[in-house]
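Each chain gets a letter, A, B and so on, in the order the sequences are listed, and its residues count up from 1. No hydrogens, no waters, no symmetry mates; every other heavy atom, side chains included, goes into these values.
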2 protein chains.
Amino acid sequence: MNAAHHHDAPKLSRNQSEILSCLRNSGEPLSAYAILDRVRKSGISHPPTVYRALNDLMKKGMVHRLESRSAFVACGHGACDGKFAFAICRACDKVVEILLADKDQALLLGLAPDEISPEQVTVEIAGLCNDCHPSRLA
Amino acid sequence: MNAAHHHDAPKLSRNQSEILSCLRNSGEPLSAYAILDRVRKSGISHPPTVYRALNDLMKKGMVHRLESRSAFVACGHGACDGKFAFAICRACDKVVEILLADKDQALLLGLAPDEISPEQVTVEIAGLCNDCHPSRLA
DNA sequence: ATGACCGATGATATAACATAACATCAGTAT
DNA sequence: ATACTGATGTTATGTTATATCATCGGTCAT
């Protein structure tokens, strides 16, 4: 059910693969410099290399940037061409990617005033996950 | 019509006033350092002073941060306790603040997965304003 | 009044995030 | 072989943000 996700893996460069793996393995959002630390052993050693790969991966829809965190996450859907929201636990940084239904996308785009024709929507929801919820603490 | 906007001006410190005026006069989003440049003449000369005032003003709902720009804008409503979206022209940086209807707020909060209880929603819509639209250019 | 305390502001220093600009290299078309 | 092109490596620097400690002004118990 749900076609559209059979990663044809749009052939990545070595750097892009390294960095995507890094993000996937981490399972949580990482800053560009956190990524850099983790891929040094693979021979990547300068910030621009990381940012270039991240930008390429974002163009391919395989990585998203969490604006409110200056951090990056691998797309949970392998790749998606774009309309999604994120929920982020402010305590533990857990991230849930929310694929937006067509009607939700439409509503969001509809929020734009006449004056500005919308191209891209960023939605980030901050809150507390169940594990971090106060009522759950000892 | 529409109560709730008769600014009782929740007494601001000198720094907060300076920085809020600066943002209001600018009419466009400014980075913290752009603000700093403009308030040096008023005796504010260090980044932490600016960030402190901005954080205080944000707590009061009188300033918002545009996450996708690392920039700050004065609240167009004087102050609001929080649910709004922004539309931003990617070419000229014009910003339109969109006060969200209750149903839109509800919808956005409803996007959050069970796993994360939402507290705050960031919505930023990037696009092109009429003035910057290609079809309008010579 | 004095001085102990406390919150706000000032100042220094540095951390964290991001990119401009140029060098080098691999592939390929001539 | 040479010249072009696009990707990657490298240096340097620009931009955004905060930790930390110092200082100042008010309040309050004595």
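Rounded to 10 degrees, the angle separating the terminal helix axes of the helix from C:dA1-D:dT30 to C:dT30-D:dA1, each built from five base pairs, is 0°.
If you measure from atom CG of B:N15 to atom P of C:dG7, you get 19 Å, rounded to the nearest angstrom. Separating the CZ atom of A:R14 from the C1' atom of C:dA26 is a distance of 15 Å, rounded to the nearest angstrom. The distance between atom CD of B:E18 and atom C1' of C:dA8, rounded to the nearest whole Å, is 16 Å. One interatomic measurement links the two molecules: CZ of B:R65 to C1' of C:dC17, which rounds to 11 Å at whole-angstrom precision.
Atom CG of A:D114 sits in a sparse spot, with 12 or fewer heavy atoms from other residues, nucleotides or ligands closer than 6.0 Å.
Interface limits on DNA chain D: the 5'-most and 3'-most nucleotides within less than 4.0 Å of chain A heavy atoms are D:dT8 to D:dT11.
Residues from residues 27-37 of chain A with heavy atoms under 4.0 angstrom of DNA chain D: there are none. For the segment residues 42-52 of chain B, residues with any heavy atom less than 4.0 angstrom from an atom of DNA chain C are, sorted by number, B:S45, B:H46, B:P48, B:T49, B:R52.
Within the structure, salt bridge (Lys or Arg N to Asp or Glu O under 4.0 Å) contacts touching residues 84-98 of chain B (residues at least two apart or in different chains) are A:E115-B:K94, A:E119-B:R90, B:R69-B:D93, B:K94-B:D131.
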Could you go through residues 30-38 of chain B and list every donor-acceptor pair under 3.5 Å that involves a side-chain atom there, pairing it with any protein atom two or more places apart or in another chain?
residue, atom, partner, partner atom, Å
B:S31, OG, B:Y33, N, 3.4
B:S31, OG, B:A34, N, 2.9

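For C:dA18, the OP1/OP2 oxygens have no side-chain nitrogen or oxygen of A:N55 closer than 4.0 Å.
Contact annotation for A:R69: no contact, since no heavy-atom pair falls under 4.0 Å across all strands.
If you look at B:H64 and B:F86, their ring centroids are closer than 6.0 Å.
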